[in-house]
Asker: 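Starting off with a structure, shown below.
In what follows, every heavy atom counts, from backbone to side chain, and hydrogens, waters and symmetry copies are set aside. Heads up: numbering here begins at 1 and tracks the sequence.
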Amino acid sequence: QNPRSIRRHLQRHEVPGRILFDARGAATRAYRAPTTSYVVLLDRNGKVAYTGQGSDQDLLKAVQQVLRR
C-alpha cells in the first residue's frame, strides 16, 4: 500500500473514523503484527482490547464488545 492507493480506496469506499498511514512500520513492530489483515482494536484508554487475523474474524462483534467497555 501507499498513500496514493489508500486515498483512491477511501474515495470509493466510505470508512468511518480516522485513517492513518504508518510509512515506517512503527505500529507493525509495536503491536507485533505477524501478517497483513491483522487487526488491533484499542479501547478508549489506548489499551489493546482485541487482536485477530484473517478473513473469518467477526469484526462487528469485536468492535461492539470494545465499545461496551
Asker: Of all the heavy-atom pairs spanning Pro34 and Gln53, show the shortest one and how long it is.
Answerer: CG-OE1, 3.1 Å

Asker: Measure the spacing between OH of Tyr31 and CG of Leu42 and express it to the nearest 0.5 Å.
Answerer: 4.0 Å

Asker: Indicate every side-chain donor-acceptor pair of residues 60-69 with a distance under 3.5 Å to a residue at least two apart or in another chain.
Answerer:
none

Asker: Please examine the side chains of Tyr38 and Val40, heavy atoms only from C-beta on, and report whether any two atoms are closer than 4.5 Å.
Answerer: yes

Asker: What distance do Ile19 atom CD1 and Ile6 atom CD1 have between them, rounded to the nearest 0.5 Å?
Answerer: 8.5 Å

Asker: Distance check, rounded to the nearest 0.5 Å: Asn2 atom CG versus Arg8 atom CZ?
Answerer: 7.0 Å

